Student: 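My questions all concern the structure below.
It should be emphasised that the depicted structure is a prediction, and the values quoted were computed from it without experimental measurement. As the structure lists them, so they are numbered: ligands from 1, and atoms in each ligand from 1. Values reported hereafter were calculated over all heavy atoms of this structure, with side chains retained and with hydrogens, waters and symmetry mates removed.
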Amino acid sequence: MGVVDHSQKKKQENINMLEKMANHEQVMFCNDPKTGLQAIIAIHDTTLGPALGGARMYPYETMDDALEDALRLSEGMTYKCAAADIDFGGGKAVIIGDPEKDKSPALFRSFGQFVDSLNGRFYTGTDMGTTMDDFVQASKETNFITGIPEAYGGGGDSSIPTAQGVIYGLQATNQYLFGEDRLENRSYAIQGLGKVGYKVAEHLLKLGATLFINDVDKGILEDFKNNAVGYGGSVEVVDKEEIYNTDADIFIPCAMGGVINDQTIPQLKVKAIVGSANNQLYDTKHAELLDEKNILYAPDYIVNAGGLIQVSDELYEPNKERVLLKTKAIYHSLLEIYQQSKLDCISTIEAANRKCQARIKEQQNRNNYFNRKRSPKWDIRE
Ligand code: NAD
C-alpha cells in the first residue's frame, strides 16, 4: 500500500492556487473571527487606475469556489472599466456567507477596515447579495466605498443609468441594422422586469413600441400592465420559455446570465440581442453560433456600463448630468464595435475585448512616459 505524501500534496495545492492568481496583481484573504467575516479581495489590473468592483455575498461551498469567482469577476471588471472609458482598474470582493442569515453591521464594518487597509488600491460597493445599507456600515470605516444612497452623499439608484445605457444600446443597434436610431417602430422581447428591465420597458412603451414581456414574478407583470394603460404602444405577456421565440426584432435580457445557450439559440428569431444581464453568453462559442444565425450581439459589458459609470463618477462627487453624458458614449462605442467586428470578420465580443486591450496597452505606454506624477489619478478620496 502506497504512503500518501501530505507535504507534497499541500505544496501542489499551493502551487495550483498561485497559478490561478498568476494574472492578478494582488489577492487579499480577510478573516475576522469576531464578526464572522471571511472574504477575498482580488485586484486584477490597475493600469487604468485604482481597482473598482462590487462586493458579492454568497454561501460558497469551498474557499476555492470563492477564490475562482473573485478572480474571474475582477478580471471582467478590468474590461468593463476599460470599455466604459473610466480611469479605474479591475477588482472584486467576495464575502463568504448567506446574505439572508449571516449579515450584521459589524461584519460590514470589519470588511470596511480590510478595504481601508488597501489604502485606495480598491474601491467597492454593492453587488449580488449586498445592499447600499451594508455599505453605509462599511463607509463608517473607510472612504473607499461607492454606490451609497443619496442621503449619505452617494449617487443613489444605479439602475437608472444602467437602463439609460440599454436605451442607448438599442438606439445604436437600430441605427446599425435599420439605418435609423428611432426606437418606436420596432418590437422588443424583454426578459425580466426588475430594476433595469422595468425602466427600459416603460421607456419603450411610452414611445409607442411593441413589447413582449416576461418575468417569473407575476406581481411585477400585473403592476407593469396596470401602469402601462394609456402609454401608447402595445404589450403582450408571454410564457417564460416563449420569450425566446417571439416575433420581436430585438431580445432584451434583463434577468440573469447564461441565457444565450445551446437550447435558446435555435429558438431565437430576433435580429439582435441588447440587454443588461451580466454574462449573457453561456460560453464564448455562442458568440459564433449567433453570428451563424445572423443575430447581432451587443456585448453585455458595453451595454450595461451605466451603473458602473455612476459609481465611479460618484467618487468625484455625485453629478447626474455628467453620468448621463458619460453613459451616452455607449451609443458610439457600440456602433464602433459593430463596425469593427464586420471589418475584421470577428464576433462583436471579440471586437469589444480587443478595444479594451488596446486601451490598457495605450495607458501602459502613457504611464511610462509620464512617470513624474501618477497618471491616471489615484488620489481620489485619500
Ligand atoms: P433585479 O433583480 O431587480 O431584476 C431581475 C428581474 O428578473 C426580477 O424581476 C426577477 O423576477 C426576474 N427574473 C429572474 N429570473 C427570471 C427568468 N428566468 N425569467 C424571467 N424573469 C426572471 O435586477 P436588475 O438590477 O434589474 O438587473 C437585471 C440584470 O442586469 C442582472 O443580470 C444584473 O446583474 C444586470 N445588471 C444590473 C445593473 C444595475 O445597475 N442594476 C448593472 C449592470 C448589470
Student: So which protein heavy atom does atom 18 (N) of ligand 1 come closest to, and at what separation?
Tutor: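 Protein heavy atom at minimum distance: Met256 CE, 3.2 Å.
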Student: What is the nearest protein non-hydrogen atom to atom 4 (O) of ligand 1, stated with its residue, atom name and distance?
Tutor: Gly194 CA, 3.2 Å
Student: Can you list the ligand 1 atoms lying under 4.0 Å from a non-hydrogen atom of Lys240?
Tutor: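 Listed by number with element, the hits are 18 (N).
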Student: Closest by any non-hydrogen atom to atom 26 (O) of ligand 1: pick that one out of Val196, Ile160, Asn278, Asp300.
Tutor: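 Of the listed residues, Val196 has the closest heavy atom.
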Student: Can you tell me which portion of Met128 lies within the under-4.0 Å heavy-atom range of ligand 1? Options are side chain, backbone, both, or neither.
Tutor: neither
Student: By number and element, which atoms of ligand 1 are closer than 4.0 Å to a non-hydrogen atom of Ser159?
Tutor: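 With Ser159 as reference, the close atoms of ligand 1 come out as 40 (O), 41 (N).
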Student: Counting heavy atoms only, which part of Ile220 comes closer than 4.0 Å to ligand 1: side chain, backbone, both or neither?
Tutor: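 Answer for Ile220: side chain.
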Student: Give me the nearest non-hydrogen protein atom to atom 28 (C) of ligand 1 as residue plus atom name, then the distance to 0.1 Å.
Tutor: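 Nearest protein contact, heavy atoms only, for atom 28 (C) of ligand 1 is Cys254 O, 3.2 Å.
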Student: Any idea which of Lys199, Lys80, Lys195 brings a heavy atom closest to atom 2 (O) of ligand 1?
Tutor: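 The nearest heavy atom belongs to Lys195.
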Student: Within the 4.0 Å heavy-atom shell around Gly192, which atoms of ligand 1 are there?
Tutor: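 In order of numbering, the contacting atoms are 7 (O), 21 (N).
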Student: Looking at Tyr301, I'd like to know if the NZ or CZ of Lys80 sits under 6.0 Å from its six-membered ring centre while staying within 45 degrees of the ring's axis.
Tutor: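 Lys80 over Tyr301 ring: no.
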Student: Of all the non-hydrogen atoms in the protein, which one sits nearest to atom 14 (C) of ligand 1, and at what distance?
Tutor: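 Nearest protein contact, heavy atoms only, for atom 14 (C) of ligand 1 is Val216 CG2, 3.7 Å.
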Student: Check this for me, if you would: do Lys225 and Glu222 make a salt bridge, where the nitrogen-to-carboxylate-oxygen distance has to be below 4.0 angstrom?
Tutor: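 Between Glu222 and Lys225 there is a salt bridge, with a charged N closer than 4.0 Å to a carboxylate O.
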Student: Please report which non-hydrogen protein atom sits nearest to atom 36 (N) of ligand 1, along with the residue it belongs to and the distance in Å to one decimal place.
Tutor: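 Here the nearest protein heavy atom works out to Ser276 O, 3.6 Å.
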Student: For ligand 1, which atoms sit closer than 4.0 Å to a heavy atom of Ser158?
Tutor: 40 (O)
Student: Go through the steps for Phe212 and Tyr188 under the test ring pair (Phe, Tyr, Trp, His ring centres under 6.0 Å), then give the verdict.
Tutor: CA-CA 6 Å; Phe212 301 91; Tyr188 307 88; 9.9 Å; no
Student: Are any of the side-chain nitrogens in Asp64 or Lys20 under 4.0 Å away from the carboxylate oxygens of its partner?
Tutor: yes
Student: Just checking Lys293: does its NZ atom have more than 12 heavy atoms from other residues, nucleotides or ligands closer to it than 6.0 angstrom?
Tutor: yes
Student: Only one of Leu52, Leu48, Thr46 forms a side-chain contact (heavy atoms from CB on, under 4.5 Å) with Phe88, so which one is it?
Tutor: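 Answer after filtering Leu52, Leu48, Thr46: Leu52.
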Student: Using a strict threshold of under 4.0 Å (side-chain N to carboxylate O), is an ion pair present between Arg322 and Glu314?
Tutor: no
Student: Quick check: Asp215 and ligand 1, any N/O pair under 3.5 Å apart?
Tutor: yes
Student: Which value, rounded to the nearest 0.5 Å, describes the distance between Leu334 atom CG and His332 atom NE2?
Tutor: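 Answer for the CG-NE2 pair, Leu334 versus His332, is 11.0 Å.
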Student: Can you hop from Phe224 to Val237 via hydrophobic side chains spaced under 4.5 Å?
Tutor: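 Phe224 clusters together with Val237.
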Student: For ligand 1, is there an N or O atom under 3.5 Å from any N or O atom of Thr162?
Tutor: yes
Student: For atom 20 (C) of ligand 1, what's the nearest protein heavy-atom neighbour? Residue, atom name and distance, please.
Tutor: Asn214 OD1, 3.3 Å
Student: Spell out, as yes or no, whether a donor-acceptor pair under 3.5 Å connects the side chain of Asn214 to the backbone of Ile243.
Tutor: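 No; judged by distance alone, with no hydrogens or angles, the pair does not exist.
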Student: Flag Ala255 as yes when one of its N or O atoms lies below 3.5 Å from any N or O atom of ligand 1, and as no otherwise.
Tutor: yes
Student: Does the N or O separation between Asn304 and ligand 1 drop below 3.5 Å for any pair?
Tutor: no
Student: So Phe108 and Phe135, would you call those rings parallel, tilted or perpendicular, with 30° and 60° as cut-offs?
Tutor: perpendicular
